[in-house]
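This report refers to the structure that appears directly beneath it.
These values consider heavy atoms only, across backbone and side chains, with no hydrogens, waters or symmetry-generated copies. These numbers come from a predicted model, not from an experiment.
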Amino acid sequence: MEHQSQKGLIAFVFAAGVSACVLWLRRRRRLPPGSPWSLPLLGETLTYVRDPLGFIEAKLSQYGGTCRSNLLFAPTVILAVTDANAKLLYSERDMAWPTHFQKLVGKTSLPMVNDPLHKKIRTLSSRPFGDRQLDTYLPCLQRLSAKHLELWAEEGQCRELHMEIKKYAFECGEAVILGVENDRIKSDRFMELYEEAFKGLGYVLPFDIPGFPFHKCMLARKLLVQEFQTLIEKKRKKLKDPCRMFQVNTMLDSVLQAEEMNNEEELSDFCVAMMFAGHDTTLASIQSCLHWLKQCPDVESLLRQEVREAWDGGCRLTRRILDSIPQTRAFLQEVWRITPPASVVTREVSKDTEIDGYVVPKGWTMLFAPAGRHSKAEDSRSFSIQRHLRDGKFFDCTFDPVYFASFGGGSRMCIGYKFARDEMLVFLLHFLHGYDVQLASSKLQNFPFRLWRVQGTICRAEG
């Protein structure tokens, strides 16, 4: 009897094993086509980080649609650019950032957290981006745009403009996000810490161990956090001082007034993430705008005429003025469409999901890139501001997920997209009204942000 029982158990285990193997093989046959491995652990990461958008375009063309790979230490599905896939992607709420991205940007920062913490952090982090609050930032943006363009024009030298524009973008972040105006030496030191810390986004061996380059990145981040904690403590004292009325002038001020967000790590991560997102995307956008202005001289002439009719170059900029330049707004939108600073949207698959006839397992990373040649846009490689104009008025396609993805979409859409637009429009108003650039060269940079890196001379505009 005992012998028969053992036989039965062995038969059951064998049958279960065979069934599991059959299911695994069936499921594997239904995975999207592709190359899951090319190097141990790294997969195709080295090729991907050289040009994320180009890599995705090549894969979609090679396999005729949705396919798979292994990128940044994770099995990955690259989605064909369709309305159905966009809807699926944006219905997923969990991001799929590599672990070292989370360490650098901040484990509790808005881009990195998932629900339920995401809902709380998003609600609190959205406070500085209400329409009324956005209007209060315009005078500061106007002052800094005028200041830096004047400095660049006075120097009058042909040089790589990357660092000069970075200093401008960083100073805007210090003033509007943090509410500080550091002297040049301290601001440069602050910026150098950011540079050192976020080099780590591109490292394929992100180990926080002495001797590895990524360890230096994490040390730089610790110094940044110390600076932010000192600033947060100063502002808290002002907030609690009964003899002083606390004025909300910056994004950090708005967040500090929320009693729910008093965790030191959450506040520090807010500062790190906002400064990172704010100044690096502005740096990328300004250089790409300068490139495309010179690639399209007829468009530049139209924009200069529009700006000079809308603004005298001196009076205080208002929301009404920013709304009265539809062609300039369309130009900025087209720059973001054709050269988005962040060209790839990511999500994590929350459960086994059927996509384009294939089964994508839970936990895989999804990549979606509507900016490339598989875009929904007609003749997507050509630059045309007319895509964003209807009867002379600006037509906003920010929320079309297969046409425009610079700010993501769904519940994870960038909360600062309106501020980003304001910041760029204020700069373009100043530049198009009174300044010009003589470009010596433009070179496309693909990672970690996509932009045209420019070299040239800023000068005063003729006439």
Side-chain angles (χ1 to χ4, degrees), residues 137-192 194-195 275 278-297 299-301 303-317 321-322 325 328 331-332 335 422-443 445 451-463:
Y137 306 143
L138 294 179
C140 181
L141 295 175
Q142 181 174 359
R143 176 175 58 81
L144 291 174
S145 293
K147 169 188 167 182
H148 281 270
L149 280 164
E150 181 71 17
L151 287 172
W152 301 341
E154 285 178 356
E155 290 179 7
Q157 297 177 4
C158 181
R159 62 194 182 284
E160 190 173 51
L161 298 173
H162 186 86
M163 285 308 298
E164 299 305 315
I165 296 172
K166 188 175 183 70
K167 289 176 183 177
Y168 157 74
F170 200 83
E171 193 171 336
C172 285
E174 286 181 315
V176 175
I177 299 172
L178 305 178
V180 298
E181 291 195 29
N182 293 318
D183 58 51
R184 187 73 271 158
I185 294 175
K186 186 169 183 180
S187 187
D188 285 351
R189 171 60 180 154
F190 206 22
M191 192 168 66
E192 286 170 6
Y194 257 94
E195 281 281 288
M275 282 293 292
H279 88 274
D280 265 344
T281 52
T282 302
L283 165 67
S285 299
I286 288 177
Q287 291 187 90
S288 293
C289 279
L290 296 179
H291 166 82
W292 286 110
L293 281 172
K294 294 307 169 184
Q295 289 292 307
C296 309
V299 171
E300 182 182 4
S301 296
L303 301 189
R304 289 189 182 278
Q305 181 180 347
E306 178 184 65
V307 164
R308 286 168 179 166
E309 289 175 356
W311 183 50
D312 64 7
C315 72
R316 179 172 175 169
L317 288 174
I321 294 174
L322 266 59
I325 48 172
T328 306
F331 168 78
L332 175 59
V335 170
D422 284 354
E423 186 177 22
M424 287 301 303
L425 288 174
V426 169
F427 179 86
L428 286 170
L429 276 160
H430 278 86
F431 178 81
L432 291 166
H433 192 280
Y435 297 89
D436 203 349
V437 62
Q438 298 171 357
L439 288 187
S441 66
S442 295
K443 183 178 180 181
Q445 175 183 306
L451 67 141
W452 284 97
R453 192 158 176 154
V454 298
Q455 184 177 15
T457 307
I458 300 290
C459 55
R460 298 185 192 282
E462 295 180 2

> Does any N or O in the side chain of Q287 come within less than 3.5 Å of the main-chain N or O of V454, such that one atom is a donor and the other an acceptor?
Replying inline: yes

> Between R308 and A461, which heavy-atom pair has the shortest distance, and what is it?
Replying inline: NH2-CB, 3.8 Å

> Say you draw a straight line from NZ of K443 to NE2 of H162; how long is it, rounded to the nearest 0.5 Å?
Replying inline: 12.5 Å

>> Go through it in stages, so that I can follow the logic: the residues are L322 and L429, the test is side-chain contact (heavy atoms from CB on, under 4.5 Å), and I'd like the CA-CA distance, side-chain angles, deciding distance and then a yes or no.
In response: CA-CA 9 Å; L322 266 59; L429 276 160; 3.8 Å; yes

>> Within this structure, what is the NE2-CD distance for the pair H433 and E309, rounded to the nearest 0.5 Å?
In response: 10.5 Å

> What closest approach, in Å, do G314 and Q142 show between heavy atoms, and which atom pair accounts for it?
Replying inline: O-NE2, 4.0 Å

> Which atom pair, heavy atoms only, marks the closest approach of D280 to K166?
Replying inline: OD1-NZ, 2.9 Å

>> If the condition is ring pair (Phe, Tyr, Trp, His ring centres under 6.0 Å), which residues does W152 pass it with, not counting sequence neighbours?
In response: none

>> Suppose we screen for side-chain contact (heavy atoms from CB on, under 4.5 Å). Which residues come up paired with D312, at least two apart in sequence or across chains?
In response: C315

> So which pairs with a foot in residues 424-439 pass salt bridge (Lys or Arg N to Asp or Glu O under 4.0 Å), sequence neighbours left out?
Replying inline: K294-D436, R304-D436

> Can you list the residues that meet the side-chain contact (heavy atoms from CB on, under 4.5 Å) rule with T328, with sequence neighbours excluded?
Replying inline: L303, E306, V307, I325, L425, L428, L432

> With sequence neighbours left out, what residues match Y194 under ring pair (Phe, Tyr, Trp, His ring centres under 6.0 Å)?
Replying inline: F170, F198, H279

> E164: what forms a salt bridge (charged side-chain N to carboxylate O under 4.0 Å, His left out) with it, not counting sequence neighbours?
Replying inline: none

> Would C459 and Q438 count as a side-chain contact (heavy atoms from CB on, under 4.5 Å) if you check the C-alpha gap in whole Å, the side-chain angles of each, and the deciding distance to 0.1 Å?
Replying inline: CA-CA 8 Å; C459 55; Q438 298 171 357; 4.2 Å; yes

>> Measuring only between side-chain heavy atoms, which start at C-beta, is L293 closer than 4.5 Å to V437?
In response: no

>> Minimum heavy-atom separation for N182 and S187, please, with both atom names.
In response: CB-N, 3.9 Å

> Who passes salt bridge (charged side-chain N to carboxylate O under 4.0 Å, His left out) against R460, sequence neighbours left out?
Replying inline: E150

>> Measuring only between side-chain heavy atoms, which start at C-beta, is Y137 closer than 4.5 Å to V426?
In response: no

> Could you walk me through whether L332 and C289 pass the side-chain contact (heavy atoms from CB on, under 4.5 Å) check?
Replying inline: CA-CA 7 Å; L332 175 59; C289 279; 4.0 Å; yes

> If you take all heavy atoms of I286 and Y168, which pair is closest and at what distance?
Replying inline: CD1-CE2, 3.5 Å

> What residues form a ring pair (Phe, Tyr, Trp, His ring centres under 6.0 Å) with H291, not counting sequence neighbours?
Replying inline: W452

> What closest approach, in Å, do A146 and Y435 show between heavy atoms, and which atom pair accounts for it?
Replying inline: O-OH, 4.4 Å

>> Are there over 12 heavy-atom neighbours, none belonging to E181, within less than 6.0 Å of that residue's CD?
In response: no

>> Tell me whether H430 contacts the main-chain N or O of L149 through its side chain, where contact means a donor paired with an acceptor under 3.5 Å.
In response: no

>> List the residues meeting ring pair (Phe, Tyr, Trp, His ring centres under 6.0 Å) with F331, not counting sequence neighbours, and say none if there are none.
In response: F383

> With a 4.5 Å limit on heavy-atom distance, are the side chains of V299 and W292 in contact?
Replying inline: no

> Residues two or more places apart in sequence or in another chain: which of them pass side-chain contact (heavy atoms from CB on, under 4.5 Å) with C140?
Replying inline: R143, L144, A175, V176

>> Using 0.5 Å steps for rounding, measure from the CG atom of D422 to the CG atom of L317.
In response: 10.5 Å

> How would you list, by chain and number, every residue that makes a side-chain contact (heavy atoms from CB on, under 4.5 Å) with I177, sequence neighbours excluded?
Replying inline: M251, M274, M275

>> Tell me every residue that passes salt bridge (charged side-chain N to carboxylate O under 4.0 Å, His left out) with R184, counting only those two or more places apart in sequence or in another chain.
In response: E171, D188

